[in-house]
Amino acid sequence: MFSSPLLDIEIKLNADIGEFAGWQMPMKYTSYQDEHMAVRTSCAFFDLSHMGRLRIKGKNDELDKLVAKDINKEKEGKMIGPTAFLNDRGGFEDDVMLYKVKEDEFLVVTNAINREKIISWIKKNSSLDVQDLTFDLAMIAIQGRNVWNFVEKVDLQPLEFRLNTKFMSEDVFLLSRSGWTGEDGVELWGSPETLSRLITKLVNLGVKPAGLITRDSLRQEMGFVLYGEDIDSTTTPIEARYWVFSLEKEFIGRDKILEQLKNGVDKIRIGFKGKKNERILPRRDNPFKVLGTQIGYVTSSTYSPYLSRVIGMGYVKSSHLYLGFNLNIDVRGKLIDVKISDFPLIK
């Protein structure tokens, strides 16, 4: 079991600590509903230190063949993603973000559960040098609809980043204008000591601490997938409607992607919304039904404080992708009415 290097200061802030992907991390501080609404209406910060952070050096062509998106189109200082490392069957080894430092040097953020797997996978499929920075640097995100009312606006465009710079008078390894909530903000990599000081400054400015439960509810509102829940090594980008590839280049899994684009797929990812104030929460693998017939299954769900209703996502037979149509979810024998909705689930 790993622990966030920021745990000491988070415990002082009354974090409720739990386990996620083999890490001890803050799950919530007050209630996830309050933290969620802080992001949608104001500003909050998250600890993301559990996510894998890698530095990759070597021949550009080798990395380009591993990554589903074209890494040559973007200039240095730009993020590429979300994209993915796919297997020969077109399934996700992981969905990742890349940071183009130089033509022969990139940074990569992986899902926590896949960090070791991806390091091994890259080494197996290339001669690239992979350095694991995960335990040298902590990572936080500052996100919110009014984020710039709390911190000085950075002179970066969305998905731009800068290395070895300052933020709020602190030296950080990486500053990017990015996030996974649907709101504006920044992500920071830095020493645990530096980011602990930044957290103190943020709290003093009125920025609310938020946990991983909130991050999960925010990403579901946007229709962002979670590895191990909504995608895995058997799920392809076509089935997931997750456009993480560039067909004009070669990459591992491309043949399967082309085959599915030509011939279609059996299942496809949908979003759904429940009725207002309905609180019965579907669970993973609860079946979708239409007129009593099962047509798919749930992968993720949550209660959206912003929409005041249950939301989520899952897969249905591609023959039953009835956008805007109502279907049922069987939750322990009780049928819950939901509407098939496209992403994002909020405007």
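Just so you know, these numbers use all the heavy atoms, side chains as well, and skip hydrogens, waters and symmetry mates.
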Give a yes or no on whether [X] and [Y] share a hydrophobic cluster (residues Ile, Leu, Val, Met, Phe, Trp, Tyr; joining criterion: side-chain heavy atoms under 4.5 Å apart).
X: L323; Y: F272; value: yes
X: L321; Y: V338; value: yes
X: V109; Y: I113; value: no
X: V39; Y: W180; value: no
X: Y303; Y: V331; value: yes

Charged N to carboxylate O below 4.0 Å: is that the case for [X] and [Y]?
X: D136; Y: R55; result: no
X: D64; Y: K249; result: yes
X: K117; Y: D94; result: no
X: D171; Y: K166; result: yes
X: E183; Y: R145; result: yes
X: E259; Y: K256; result: yes

Step-by-step salt bridge (charged side-chain N to carboxylate O under 4.0 Å, His left out) determination, D184 to K153 | CA-CA 10 Å; D184 205 354; K153 190 171 184 179; 5.5 Å; no
Got a donor-acceptor contact below 3.5 angstrom from the Q157 side chain to the L159 backbone?
-> no
Between R215 and L48, which heavy-atom pair has the shortest distance, and what is it?
-> NE-CD2, 3.3 Å
Side-chain donor-acceptor contact under 3.5 Å, Q220 with S300 | no
Go through the steps to decide whether K57 and D129 satisfy the test salt bridge (charged side-chain N to carboxylate O under 4.0 Å, His left out), and finish with yes or no.
-> CA-CA 5 Å; K57 293 183 178 181; D129 177 68; over 6 Å; no
Can a cation-pi geometry be assigned to R53 and F173, taking NZ or CZ under 6.0 Å from the six-membered ring centre and within 45° of the ring axis?
-> no
Return all side-chain donor-acceptor pairs below 3.5 angstrom for residues 17-26, not counting sequence neighbours, or 'none' if the list is empty.
from, atom 1, to, atom 2, distance (Å)
E19, OE2, A21, N, 3.4
E19, OE2, G22, N, 2.6
Q24, OE1, S3, OG, 2.8

Distance flag, aromatic centroids of W189 and F161, threshold under 6.0 Å | no
